[in-house]
Every structure is written in C-alpha cells, then in structure tokens.
Amino acid sequence: MQRLPISEVRTDLEKKFSANHVTILVGETGSGKSTQVPQLILGLNNGKEKIAVTQPRRVAAINLAKRVADETKTTLGQDVGYTVRFQNMSSPKTKIKYLTDGMLLRELLLRTNLDQYTTIILDEAHERTIITDLLMGFLKTLLQRRKNLRLIVMSATIDADKFSRFFDGAEVLYVQGRRFPVQRYYLTKPVEDIVDATVRTAIQIHAREPMGDILAFLAGQEDIDKAVDILNDMIQSLPKGVPNLIALPLYAALPPQQQQKVFEKVAGNERKIIIATNIAETSLTISGVRYVIDGGTHKVKVWRHDLGLDSLLTMPISKSNAAQRMGRAGREAAGKCYRLYTETDYYGLKSQSEPEIERCDVAFPILTLKLAGVSDVLGWNWLERPSKAAIMSALMQLYALKALDDEGQITELGKKMAVLPLPPHLSAVLLDAYQKGIADPVLDVVSCLSIENLIMNPHPDKRDEVYEKRLPFITASGGMGDLVVLRNYVQHYRSLSSSSERKEWCKEVYISYRAMSNVEDIRNQLNSYLKAESTNIHAEDKSVQLGPSILNEQIIQCFLTGFVANTALSLPGKMYRTIAGGQTINIHPSSSVFGKNVDAIMYTEYIFTTKAYARNVSPIDLEWLQRKAPHFLGRRTAGDD
DNA sequence: GAGCACTGC
C-alpha cells in the first residue's frame, strides 16, 4: 500500500470495520480513501471479500479501478475491475469492483439483493445525487435482511452526522487528507459586477504573484465568455517584459477539442487562467493550479412541481462548494484563494447545497421505489424526503403515463418503463412506439433526447455558415418540428460510411461527434433491452412501409403519449398558453418552429431562464389532442379562468 | 430573437 495518511490509522480502521456493520468514513480529498479502503477491507478476510465501490461519475470509477489494479500489480478486470454503462471490465471473480452508483442501483433492482457482495462502499456520499440517496434508503432495508453485509459510507465533508443518524447511530471515523495550505482572501465590500471583479483579480495575481495557473469560477457560459474576451483584449496591451497570460473558457457545452486546451501545459514564461463553471469543482481536475478565484455563485436547476416547469437559477454556492473550490488551489503546492464576496457573506452561506432529490422532479425515484415493491412512498425511509406536493405530482404524472393504476400499484407497463434506462416520459414514448411497430425511428429521437450537448451553439462569427449547413435538414422536416429534424441528423450521420466522413460532417453542422456516437450506443442498448423485456408484445416493425410524412406524424403521436401534459395552444403574438396549467410559454429561438404560426405545439422541455421557453417543439393537430387528452381541452371550453 | 450547472442507467 502507498504511504498516504490513511496508512497511519490502518490498524484502527481495520478494527472498526471488522466490528461495525455500518461505518461512516469522513476523509478529505487526498486521504486516499477511495483507493486504500477497499484494499484494506480485502485484507481483513484473507482476500475472500467481494467489494463494490460506487462513484457518482464514470471516469472516476474507471480511473480508480486502473490505479488500484496498478497498485496491486494485477490485470485490470481480474481481481480489480469496473462496471459502467457500455463498459464492463470485471469478471465473476472480481474482488474489488468500482461501479457508478447508477449501475449498483440497477443491479439492486434487476438481479439480486446484491448477494454477490460482502461489502458495499458508497463513495462521495456528500454529493447527494438522487441515486446515492436512493441507494442509502434501499441499503438500510437490505442490511436488516443480510446480517453479514458491511456498508461503508464515505464522505468528504463533516456533514457525517446526518448519515450516522440515518444508519441508527453508526460510528463516524475521520482520516486526514494530504493537502497543502491555501491562504484565503475576502473582499472588504461586495462588488456589483462579478465579471469585472474576476478580471481585475486575475490581472492583479498575474502582476504580483509567482508563476502558477489561475482557476476562476463563474456561474454560466455568458459570464465566462465575457470575462475571457475582456482578458484577451487586456493581454494585448500588457507592457513588454510581463509574462504572457492565456485565458481559456471551460464549460460542458464547449466542444471537446476546446475543453482539451485547458489541460495543455503552457511555456515556462506563460501563465494560463481558466474560467470555468462548476465542471472544474468536481468533474475535471486541472494540474498546475495555484490560485483560485471564487465568484461565489452557480446555476441550479430547480423543478417547480406546481407548474411542471424547470427553472435555471443563479444562486449563492454553499460553504461546502467554497471549500471544494478553494481546495483546487492546494493540490500540488501551497496556494491562494480569492473569494469575491465578504467574509460576512461567507458565514451567511448554507453549509451544504440542497440535495438533488429536493429540487428535481421525482417521477423517476418514485417509479423506482414502486418497482422495488415500496407501496407507501411517503412513508419510505428517505434520507431526505421530497415534499408531499412533489411526491403527489410524481404519482399523478406516473398515473397519467399508465405506469401506476388506480390504487397506485405499479402496472406491467410501469415495470417495463422502470427498467429502461430513460426518464419515465421517454420510456412511455418508446414503449408506445414499440407496440405500434415504429420503435425503430422513435429510437433515433429518444436516443438524441437522452444526450446532453448534442447540438452545439456556434460562435457568433460562424453562425450563419453553420445555419446554412443545417438548413437542408430543417427543410426536409417539412415543418414537422424539432424531433423530426433530430432524426434527420441521425439518419444522415448513419448514412455516412466512414468515421472520418462522420467527423467532418459533424464539424460542418456543429454537432458533437462524441455525443453522436454516444447516441448510437444508447440506441443499441435501448433496442436490446426492448427486445429482451417486451417479449410478450410481438410487434412487427412497419415503419419502412410508411411514407415519410405519415411516419413523422406517427412519431409525434407517440411522443404525445408521454408528453400530453406538455402541450400549448396558440395565443396572439407568437405566444402560447399551456393546456395543463394555462401559463404563457414561448418557443425557444433555437427551435425550427420559432417564428412559425401553428395552432398547437408539443414540447419535451419547459424551462424558465429569462422567460418560460418550450424546447424541442413540434406542431400538433388539435384533433390528436382531442383524442389523447379530451379532459384538458374540455376543461378549457368550460371556461375556468 | 436565446445564449443553459452537473451527473447517471
């Protein structure tokens, strides 16, 4: 084992792990807990243990498995391995298996009571993803049945009391991290313009501080691009003899090649400044950073169950986020962190961000519970229970999708929906399409919708050029809307024979090649699940016999099965009014339906940024709506304004 | 006429 802080308390940990069913292990970053604890457990029982270690992210699971296989001098995939979506590097005799939390949840629901494991380690529990939260609830029940199962909950913050209380007073252990000191600086009074403050701080560091890269955190793409532009202008007028400064943006929607630039080393007499969203807080680690500038905010998606609307809000970060950001300056040497808020403001921050499950649509978690046989979802042992209203809204949605029956029991259809790796609404669409014999084309669209950042935004000076290349695909949709346009893209991509042609075309239309190949993986996986899970529905694929416009119409009607609540009727002035809630809604300007005059629309996303926007929009016939949702239209004509 | 954090199956 490597000599990391954890090795100093090794015997102590061994004793506790042997004695306790459940242990909460708090360790700072750099404590080596993710690589060392599994090896330590393995040694407890002469190598007879089977250990699952969960991670919230795929890359983390893969990299940790590689490191531990290295350290133990074994071949990856044998004693030490990993399982993530689309990749399985493990065998039945694997002793330490790293997997994404989603994978463990799937194993729990589909196959076993996790009988194949003797120890489960939930890592990064403090991130409080929906899936980790669900796993904790399920494991609490499972521990009562499986007396020989050991659970270790690992967390990076001191918010361990909550986990301890949840597991009936489980013992909390601490291990030290190996980190370099980071000096903190606060503002003496708050600033108005965060972009300006970031730029000025960066220039000051560059002028006064020894070499070392700078990492700055801002909330969104707009602020980041603005700050990068200003810095690049200022760099032009730096006096001679001052070292060069290179400003780089970093956010998820940036094309992969541009993201890659932040990892490239700069020359000895240069300094880079990376201006990033919270992608650099946990997901990506950049070496060489000595200075952190913390803007103090991030964007958070908050689901309004009363409106059926997501809103994307800029909110203050938590103390835990601030600590994580600061830590980015002290990974390799002592560093400095400049917080662009006052010390008083800092003390006013929440200690933790709100867990995902409290601010998201819980249709998926509720359906998962129902599949696991939980009938009283309100009374389930939630680590954090969503509000009653949120749970009720999820139950209503699932009922409308026919996943639940009148008694709230899961239906056969609901079971099929729950095992598809899709949000419930999209599962409903796909199963409907399968039954109608048009799963094949609908799979194209559903796969696109389950990928983020597929269609990218070109930089303003390339916009016209890119739009021109996209135009034929929009024209070919015959005004049938964005879902059909998406399918046209996929089909064209697939018609290209070589990967170099595909890459070339993706570049032209500014579609992410990486995301597009992911679309194909998802499509294949969904296709095989459909065939395996739906053997009792014998549906011939008849999509090839249909003419294109009839087929497109049927595709949209399948989507209406899942998204009938996401429909709106035309109002004067290019606005629409939602059928379910009566709110005004605008078609997003990125849509192919933007600026068109249609009677009614259906959309797969309803999000509030500066206004309420419908995204992925398709025009629909009022007649279809009358057939699918007479209750919605009936209520309107009754006039209950 | 927008411009939107991040994950996971």
Side-chain angles (χ1 to χ4, degrees), chain A residues 54-61 83-88 99-110 124 127-135 217-226 249-254 276-284 295 297-302 310-315 317 321 324 353 355-357 359-360 364-365 367-368 371 417-424 426-427 447 450-453 455-460 463 467 518 521-522 525-526 528-529 574 586-591 593-596 605-615:
Chain A
T54 69
Q55 295 293 321
R57 282 168 291 279
R58 292 163 48 97
V59 267
T83 306
V84 298
R85 191 180 189 178
F86 306 128
Q87 283 182 56
N88 184 10
L99 56 159
T100 42
D101 47 18
M103 268 297 181
L104 191 72
L105 183 62
R106 227 183 143 73
E107 287 188 1
L108 186 76
L109 290 172
L110 290 186
E124 312 284 9
E127 287 192 23
R128 303 294 309 276
T129 68
I130 286 178
I131 295 176
T132 331
D133 273 23
L134 288 177
L135 278 173
F217 289 96
L218 289 174
Q221 182 177 339
E222 198 184 351
D223 280 355
I224 291 172
D225 287 342
K226 215 195 292 176
L250 178 64
Y251 40 81
L254 210 61
T277 60
N278 41 357
I279 192 171
E281 206 176 291
T282 47
S283 303
L284 297 180
T297 58
H298 57 180
K299 288 202 180 180
V300 187
K301 214 175 200 177
V302 181
D310 263 324
S311 40
L312 200 56
L313 310 170
T314 301
M315 311 230 292
I317 57 169
N321 296 131
Q324 181 71 28
S353 293
E356 213 183 349
I357 205 150
R359 52 179 174 80
C360 287
F364 159 73
L367 185 60
T368 304
L371 179 70
M417 285 169 56
V419 296
L420 284 173
L422 289 172
L426 285 180
S427 291
S447 306
S450 46
I451 288 279
E452 294 292 318
N453 304 316
I455 314 288
M456 300 184 293
N457 294 333
H459 202 265
R463 200 168 54 188
Y467 283 6
N518 222 339
D521 288 343
I522 288 178
Q525 189 184 48
L526 289 174
S528 67
Y529 284 168
K574 287 182 184 170
N586 308 272
I587 295 178
H588 195 271
S590 66
S591 168
V593 192
F594 179 78
K596 303 256 164 66
E605 210 184 328
Y606 176 22
I607 186 158
F608 185 94
T609 52
T610 51
K611 273 197 271 188
Y613 285 110
R615 308 199 62 178

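Every chain is numbered from 1, with letters handed out A, B, ... down the list of sequences.
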- Please work out if Leu422(A) contacts a base, only the sugar-phosphate, or nothing of the nucleic acid, heavy-atom cut-off 4.0 Å. base
- Which whole-number value in Å describes the distance from Glu605(A) CD to dA2(B) P? 17 Å
- Do Arg106(A) side-chain and dG8(B) base share a donor-acceptor contact under 3.5 Å? no
- Across the strands shown, which category fits Arg57(A) at heavy-atom distances under 4.0 angstrom: base, sugar-phosphate, nothing? sugar-phosphate
- Check whether any side-chain N or O of Thr282(A) sits under 4.0 Å from OP1 or OP2 of dT7(B), and answer yes or no. no
- Message: Are Glu605(A) and His588(A) packed together at the side-chain level, in the sense that at least one heavy-atom pair is separated by less than 4.5 angstrom?
- Response: no
- Query: For Leu109(A) and dG8(B), what is the distance between atoms CG and P respectively, to the nearest whole Å?
  - Reply: 18 Å
- Value rounded to 0.5 Å, distance of CD in Gln87(A) from CE in Met103(A): 9.5 Å
- Choose from dC9(B), dA2(B), dC6(B) the nucleotide whose nearest atom is closest to any side-chain atom of Tyr613(A). dA2(B)
- Task: Between Ala219(A) and Phe594(A), just flag the one whose closest nucleotide in DNA chain B comes earlier from the 5' side.
- Result: Phe594(A)
- Message: Once you apply a heavy-atom cut-off of 4.0 Å, does Tyr467(A) come out as touching a base, just sugar-phosphate, or nothing?
- Response: base
- State whether Thr610(A) places a side-chain N or O below 4.0 Å from either non-bridging phosphate oxygen (OP1 or OP2) of dG3(B). yes
- Message: Of the options dC9(B), dG3(B), dG8(B), whose atoms approach the side-chain atoms of Asp101(A) most closely?
- Response: dG8(B)
- Message: Can you see if the side chain of Ser590(A) gets near the phosphate of dG3(B) - specifically, an N or O under 4.0 Å from OP1 or OP2?
- Response: no
- Message: Please classify the nucleic acid contact of Thr314(A) as base, sugar-phosphate, or nothing, using heavy-atom distances under 4.0 Å.
- Response: nothing
- Closest to side chain of Glu356(A), choosing from dG8(B), dT7(B), dG3(B): dT7(B)
- Item | Interatomic distance where CG belongs to Leu99(A) and P belongs to dC9(B) [whole Å] | 10 Å
- Query: Does the side chain of Asp133(A) come within less than 4.5 Å of Arg128(A)'s, by heavy atoms?
  - Reply: yes
- Query: So, is Lys299(A) close to the dC4(B) phosphate, meaning a side-chain N or O under 4.0 Å from OP1 or OP2?
  - Reply: yes
- Message: Whole angstroms only, please: what is the CG-C1' distance between Asp133(A) and dG8(B)?
- Response: 14 Å
- Item | Whole angstrom value for the distance that separates C1' of dC9(B) from CG of Asn518(A) | 12 Å
- Remember a base hit wins even if backbone is also touched, and classify Arg463(A) as base, sugar-phosphate or nothing at under 4.0 Å, heavy atoms. base
- Message: Quick one, Gln324(A) and Asn278(A) - any side-chain contact, counting heavy atoms below 4.5 Å?
- Response: no
- Find the distance Tyr251(A):OH to dC6(B):P and express it as a whole number of Å. 10 Å
- Task: Specify the separation, in whole Å, of atom NE2 of His588(A) and atom P of dC4(B).
- Result: 8 Å
- Message: Under 4.0 Å, counting only non-hydrogen atoms across every strand here, what does Thr277(A) touch: a base, just sugar-phosphate, or nothing?
- Response: sugar-phosphate
- Counting any heavy atom closer than 4.0 Å, what does Glu452(A) reach on the DNA or RNA strands: base, sugar-phosphate only, or nothing? base
- Can you tell me how far C1' of dG8(B) sits from CD1 of Ile451(A), to the nearest Å? 12 Å
- Task: Verify whether one side chain among Tyr251(A) and Asn453(A) offers a donor that lies under 3.5 Å from an acceptor in the other.
- Result: no
- Item | Pair of N/O donor and acceptor under 3.5 Å linking dC4(B) base with Arg615(A) side chain | yes
- Note on the structure: From the candidates dG8(B), dC4(B), dA2(B), the one with an atom nearest any side-chain atom of Ile607(A) is dC4(B)
- Message: Could you work out, with side chain to side chain contact (heavy atoms under 4.5 Å, CB included) as the rule, every residue matching Asp223(A), not counting sequence neighbours?
- Response: Ile194(A), Val195(A), Leu218(A), Lys226(A)
